[in-house]
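Quick caveat, the model's predicted, so the values are computed rather than measured.
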Amino acid sequence: QVQLVESGGGSVQPGGSLKLSCVASGFVADYYSVSWFRQTPGKEREGVVCLGSGDLSTAYEDSVKGRFSISRDTAENTVYLQMDNLKSEDTATYYCAAGLFTPCGLYYRDRNNYKFWGQGTQVTVSS
């Protein structure tokens, strides 16, 4: 069964950290570009960060540069999102998605470029 499963969300105070995991099954995630999107009620789902197939490219949305970091464990077929110095505006449901495109910078923001999506994990940043 092909699926992406996110985990690691939760509640944290501003300035705190969380690490999200996206476990792929039924396909080899290393062949795909994998991105993290986030969405808040009433707003469009937006691309936040992308890691290209074979880890050959990355892209970060401006508001998370220097705070978020994406990585991949090929053996575990898992992509991670390390989120540091979290801000209240980072509060959202986070989704991982996998698509056959490269490089990240040109294509990751378009949701139509993705073949697989996870179900989402909630991140809440609040004091």
Side-chain angles (χ1 to χ4, degrees):
Q1 181 181 1
V2 173
Q3 60 178 353
L4 292 169
V5 178
E6 304 98 332
S7 63
S11 295
V12 65
Q13 292 186 341
S17 297
L18 284 173
K19 186 174 185 177
L20 307 184
S21 299
C22 172
V23 180
S25 59
F27 69 102
V28 178
D30 195 48
Y31 297 160
Y32 288 74
S33 293
V34 177
S35 296
W36 287 91
F37 283 72
R38 64 187 179 187
Q39 187 172 23
T40 55
K43 292 192 175 181
E44 292 283 318
R45 192 172 297 186
E46 64 170 357
V48 176
V49 58
C50 174
L51 180 61
S53 60
D55 297 356
L56 295 178
S57 65
T58 56
Y60 290 85
E61 194 262 335
D62 286 346
S63 68
V64 306
K65 284 180 180 176
R67 301 188 299 119
F68 289 14
S69 178
I70 190 170
S71 62
R72 190 195 308 261
D73 185 329
T74 300
E76 298 294 327
N77 216 23
T78 299
V79 173
Y80 300 98
L81 179 64
Q82 177 67 44
M83 304 187 295
D84 297 319
N85 191 22
L86 282 160
K87 304 177 180 181
S88 58
E89 52 262 43
D90 296 319
T91 295
T93 301
Y94 283 72
Y95 300 87
C96 65
L100 289 170
F101 61 85
T102 190
C104 280
L106 291 179
Y107 301 107
Y108 84 100
R109 291 185 179 88
D110 187 347
R111 289 171 289 169
N112 294 319
N113 289 330
Y114 295 86
K115 189 173 184 180
F116 308 121
W117 287 87
Q119 83 291 348
T121 186
Q122 178 66 35
V123 170
T124 301
V125 184
S126 174
S127 56

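Atom CG of Asp73 is separated from atom CG of Asp30 by 10.5 Å, given to the nearest 0.5 angstrom. With rounding to the nearest 0.5 angstrom, the OG atom of Ser33 is 13.5 Å from the NZ atom of Lys115. The distance from the CZ atom of Phe27 to the CD atom of Gln3 is 9.5 Å, given to the nearest 0.5 Å. Remark: Glu46 CD to Ser63 OG distance equals 6.5 Å, nearest 0.5 Å. Put simply, SG on Cys96 and CG on Leu51 are 12.0 Å apart, with the number rounded to the nearest 0.5 Å. Here CZ of Arg72 is found 9.5 Å from SG of Cys22. Values are rounded to the nearest 0.5 Å.
When all heavy atoms of Cys50 and Phe101 are compared, the pair lying nearest together is SG-CE1, 4.0 Å. The two residues Tyr107 and Asn113 come nearest to each other via the heavy atoms O-ND2, 2.9 Å. Contact record, Arg67 with Asp90: NH1-OD2, 2.7 Å, taken as the closest heavy-atom pair. The two residues Ser57 and Cys104 come nearest to each other via the heavy atoms OG-N, 3.1 Å. Taking all atoms of both residues into account, the shortest heavy-atom contact from Phe68 to Val48 is CD2-CG1, 3.8 Å. The nearest pair of heavy atoms linking Ser69 to Tyr60 is CA-OH, 3.5 Å.
No single ILVMFWY cluster, assembled from side-chain heavy atoms under 4.5 Å apart, contains both Val34 and Phe37. Leu81 and Val12 fall within the same hydrophobic cluster, defined by Ile, Leu, Val, Met, Phe, Trp and Tyr side-chain heavy atoms under 4.5 Å apart, directly or through other members. There is a path of hydrophobic side-chain contacts, each under 4.5 Å, that joins Val2 to Tyr31. There is a path of hydrophobic side-chain contacts, each under 4.5 Å, that joins Leu100 to Val28.
Lys19 forms a cation-pi arrangement with Tyr80, by the criterion of a distance under 6.0 Å to the ring centre and an angle within 45° of the ring axis.
At least one side-chain heavy atom of Met83 sits less than 4.5 Å from a side-chain heavy atom of Val123. Contact annotation: the side chain of Thr40 never approaches that of Thr91 to less than 4.5 Å [non-hydrogen atoms, C-beta and beyond]. Side-chain contact between Ser17 and Gln82 is present, with heavy atoms from C-beta onward closer than 4.5 Å.
With hydrogens and angles ignored, the 3.5 Å screen pairs a side-chain donor or acceptor of Asn77 with a backbone N or O of Ala29.
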Self-check item: CA sep, side-chain torsions, deciding dist, call: Lys65, Asp62, salt bridge (Lys or Arg N to Asp or Glu O under 4.0 Å)
Solution: CA-CA 5 Å; Lys65 284 180 180 176; Asp62 286 346; 3.1 Å; yes

Exercise. Determine, step by step, whether Leu86 and Leu18 satisfy the side-chain contact (heavy atoms from CB on, under 4.5 Å) criterion, reporting the C-alpha distance in whole Å, the side-chain angles of both residues, the deciding distance to 0.1 Å, and the verdict.
Key: CA-CA 8 Å; Leu86 282 160; Leu18 284 173; 4.2 Å; yes

Quiz item: Val79 and Ile70: side-chain contact (heavy atoms from CB on, under 4.5 Å), yes or no, with the steps?
Solution: CA-CA 7 Å; Val79 173; Ile70 190 170; 3.7 Å; yes

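Just one residue in the list Gln122, Arg45, Glu6 forms a side-chain hydrogen bond (donor to acceptor under 3.5 Å, both in side chains) with Thr93, and that residue is Gln122.
Taking the six-membered ring for Trp and the full ring otherwise, the centers of Tyr114 and Tyr108 sit at least 6.0 Å from each other.
Atom CD of Glu44 is surrounded by 12 or fewer heavy atoms from other residues, nucleotides or ligands within 6.0 Å.
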